[in-house]
Amino acid sequence: MSGLQPVRGTHDLLPDDMRRFRRVADTCGRAALCFGYQEVATPIFEFTEVFKRTLGDTSDVVTKEMYTFTDKGGETVTLRPEGTAGVARALISGGLSQHLPLKYFYVGPMFRYERPQKGRLRQFHQTGVELLGVKEPAGDVEVIAIGVEFLRRIGAWDRCELELNTLGDAASRQAYRQVLISYLNGFRDQLSKESLERLEKNPLRVLDSKDENDQKIVANAPIYTDYLTPEATAFFAEVKAGLDALGIAYRINPRLVRGLDYYCHTCFEITCPELGAQKTVLAGGRYDGLVGLMGGPETAGVGWASGVERCAMLLAETPRAPRPIAIVPLGEAAEHTATILAGRLRRQDFIVDLGFSGNMGKRMKRANKIDAVAAVILGDDELARGEAGLKLLDSGEQKTVRLDELEAALAAYR
RNA sequence: GCGGGUGUAGCUCAAUUGGUUAGAGCGCCGGAUUGUGAUUCCGGAGGUUGCGGGUUCAAGUCCCGUCACUCGCCCCA
């Protein structure tokens, strides 16, 4: 075994894994395209401020998981830990608020310094969609519908569960915060260390605690929905009605809280239990305050991100590689013809594989190994007559074809 | 960041209580077949047992450290 290992939490995508990855990314892109969304790509690194300001100073992502470094010009930059902040920044940088609403999707690598586990890597990939400039709840519904359609297309939706909650608007949050703090303060001596910390910094997160005792306390806590403003309640009702109309099943989870600070109103999470501890497959919500927080014009936004590697684990089978046509030349003259012939076929979009050495047996063996559909056999006899042998590797059937009619004979295997 | 498990050939796995030359299947390479693959038969290569240290007459096996993976926590996609 080689002593050379990839950096912890990173891995190579060799052809089989790569095809699974591609299937997920392409399927997501196609689903988004069907809703009128267009692909964008923002830089893999940004000024650290872009993430620090937006994700919230107390979030784990910012406090301990970012890959931050100083570049040679003395700038502090960060490998992006998520995609939304970059898109929001791009909207501001590019003056795109003139063109709202914006419907974008993206796919690319993200970086988080975490302890690796199955479904949790330090370099991982996310696909995501962002809908900017739409403040109506119909936007939330559409965005969720894209996610569901995407998961349906990769064959995972029927094994997943959609959980939904509302974080309300600023007024609701303010009111609830007070009530929750005073309730939790009554249990100060019983709460876990983590929860006590959160109580100071971000009390809503206490609701999310996995600590058994915390959960008991939280179970009797005042419910956020009771403190929502009428506007926030109406908004959430419309989102639910929209999902109902589309026949998208969901479960309300009043304790669902997003980790990143920029969310408001709708938040949701789609999980797939078979993945174990890292079972969140797609998650997001509304982030109306984000662009304003970054110094841009107040702009509504909703979106989600989905883990490509996690989704790839849900694929029932590995997509098959496209099958090439192998050219098997015999002798030097044939070798020359083979190169020319390969070029001719490739210009017409055939997938053509040329081995570079070996006798006929070896080349046929290789043709079989690369899963070729057919082998074009070029020997002196055939060449002299302007012909080639065409062997179909599945059936073993072999026939003679005129060289200038090869394209027609191969038409079924393009 | 915390706790548990695992690490033997390219892959999946064997190897009595510590015991002599670390095995098998698959894969790979070669041959049977220098103009026919996938099937069959024969042969071959491939290992510092993750790495480093320790205990012992003797370590793949026990101990410590380290790295990686893995399960859970945490966090999240």
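Please read these numbers as outputs of a predicted model, since none were measured by experiment. Just the heavy atoms: all of them, side chains too, but no hydrogens, waters or symmetry mates, feed the values below. By convention in this document, chain letters (A, B, ...) are assigned in the order of the sequence lines, proteins followed by strands, and residues within each chain are numbered from 1.
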Measure all distances between protein nitrogen or oxygen atoms and nitrogen or oxygen atoms of nucleotides 25-30 of chain B, and list the pairs falling under 3.5 Å.
| unit_1 | atom_1 | unit_2 | atom_2 | d |
| --- | --- | --- | --- | --- |
| B:C28 | OP1 | A:Lys369 | NZ | 3.2 |

Every protein N/O lying under 3.5 Å from an N/O of nucleotides 2-5 of chain B:
| unit_1 | atom_1 | unit_2 | atom_2 | d |
| --- | --- | --- | --- | --- |
| B:C2 | N4 | A:Arg115 | NE | 3.4 |
| B:C2 | N4 | A:Arg115 | NH1 | 3.0 |
| B:G3 | O6 | A:Arg115 | NH2 | 3.2 |

Polar atoms only, N or O, under 3.5 Å: list the protein pairs with nucleotides 33-36 of chain B and their distances.
| unit_1 | atom_1 | unit_2 | atom_2 | d |
| --- | --- | --- | --- | --- |
| B:G35 | O6 | A:Asp381 | OD2 | 3.1 |
| B:G35 | N1 | A:Glu382 | OE1 | 3.0 |
| B:G35 | N1 | A:Glu382 | OE2 | 3.2 |
| B:G35 | N2 | A:Glu382 | OE2 | 2.5 |
| B:U36 | O2 | A:Lys391 | NZ | 3.0 |
| B:U36 | O2 | A:Gln398 | OE1 | 3.4 |
| B:U36 | N3 | A:Gln398 | OE1 | 2.9 |
| B:U36 | N3 | A:Gln398 | NE2 | 3.3 |
| B:U36 | O4 | A:Gln398 | NE2 | 2.9 |

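A:Ile154 places its CD1 atom 12 Å from the C1' atom of B:A77, with the value rounded to the nearest Å. Atom P of nucleotide B:A77 and atom CZ of A:Arg80 are separated by 14 Å, given to the nearest angstrom. Across the protein-nucleic acid pair, A:Arg366 atom CZ and B:A38 atom P stand 15 Å apart, rounded to whole Å. Look at CE on A:Met66: it is 14 Å from P on B:C76, rounded to the nearest Å. Following rounding to the nearest Å, A:Leu121 (CG) and B:A68 (C1') show an atom-to-atom distance of 14 Å. What separates CZ of A:Phe124 from P of B:A77 is a distance of 8 Å, to the nearest Å.
For residues 327-367 of chain A, no pair satisfies ring pair (Phe, Tyr, Trp, His ring centres under 6.0 Å), with sequence neighbours left out. Counting only residues at least two apart or in different chains, side-chain hydrogen bond (donor to acceptor under 3.5 Å, both in side chains) contacts with residues 298-315 of chain A comprise A:His125-A:Glu309. Residue pairs satisfying the ring pair (Phe, Tyr, Trp, His ring centres under 6.0 Å) criterion with at least one member in residues 174-207 of chain A, sequence neighbours excluded, are listed as follows: A:Tyr176-A:Tyr224, A:Tyr176-A:Tyr227, A:Tyr183-A:Phe187.
Only the C1' atoms considered, B:G5 is 38 Å distant from B:G44, to the nearest whole Å. B:U8 sits 14 Å from B:C51 when the C1' atoms are compared, rounded to a whole Å. On the C1' atoms, B:G19 is 14 Å away from B:C62, given to the nearest whole Å. Straight-line distance between the C1' atoms of B:A15 and B:G53: roughly 25 Å, to the nearest whole Å. Taking atom C1' in both B:G37 and B:A32, one finds a spacing of 16 Å when rounded to whole Å. The same atom, C1', is picked in B:C71 and in B:G31; the two are 48 Å apart, to the nearest Å. If you take atom C1' in B:G46 and the same atom in B:G27, they sit 11 Å apart, rounded to whole Å. Annotation: B:U6 and B:U66 have their C1' atoms spaced 15 Å apart (nearest Å).
Judged as a side-chain hydrogen bond (donor to acceptor under 3.5 Å, both in side chains), and not counting sequence neighbours, A:Arg414 has no contacts. The side-chain hydrogen bond (donor to acceptor under 3.5 Å, both in side chains) test applied to A:Glu39 returns no partner, not counting sequence neighbours. Contacts of A:Thr68 classified as side-chain hydrogen bond (donor to acceptor under 3.5 Å, both in side chains), with partners at least two apart in sequence or in another chain: A:Thr78. Not counting sequence neighbours, the partners of A:Arg152 by the side-chain hydrogen bond (donor to acceptor under 3.5 Å, both in side chains) test are A:Glu149. Applying the side-chain contact (heavy atoms from CB on, under 4.5 Å) criterion to A:Arg323, with sequence neighbours excluded, gives A:Arg320, A:Asp371, A:Val373, A:Asp394. Under the side-chain contact (heavy atoms from CB on, under 4.5 Å) criterion, A:Asp169 pairs with A:Ala171, A:Ser172, A:Thr229, A:Glu231, A:Ala232, A:His265, not counting sequence neighbours.
Using a 4.0 Å heavy-atom distance criterion, A:Leu393 is classed as a base contact. At the heavy-atom level, A:Gly128 lies nowhere under 4.0 Å from the strands shown. Residue-level contact check: A:Gly147 touches neither bases nor backbone, having no heavy atom under 4.0 Å from any strand. Across all strands shown, A:Glu309 has no heavy atoms under 4.0 Å from either base or sugar-phosphate atoms. Looking at heavy-atom distances under 4.0 Å, A:Ala277 makes contact with a base. Among the heavy atoms of the strands lying under 4.0 Å from A:Gly396 is at least one base atom, whether or not backbone atoms are also near.
A 3.5 Å limit on both hydrogen-bonding distances identifies B:G5 as the Watson-Crick or G-U partner of B:C69.
For A:Arg346 (side chain) and A:Val352 (main-chain N/O), a donor-acceptor pair under 3.5 Å exists by modelled atom type.
At B:C69, one or more side-chain N or O atoms of A:Arg8 fall inside 4.0 Å of OP1 or OP2 (strictly under the cut-off).
Between A:Asp26 and A:Arg23 there is no salt bridge, since no side-chain N of the basic residue sits under 4.0 Å from a carboxylate O of the acidic one. A salt bridge between A:Arg363 and A:Glu335 is present, with a side-chain N of the basic residue lying under 4.0 Å from a carboxylate O of the acidic one.
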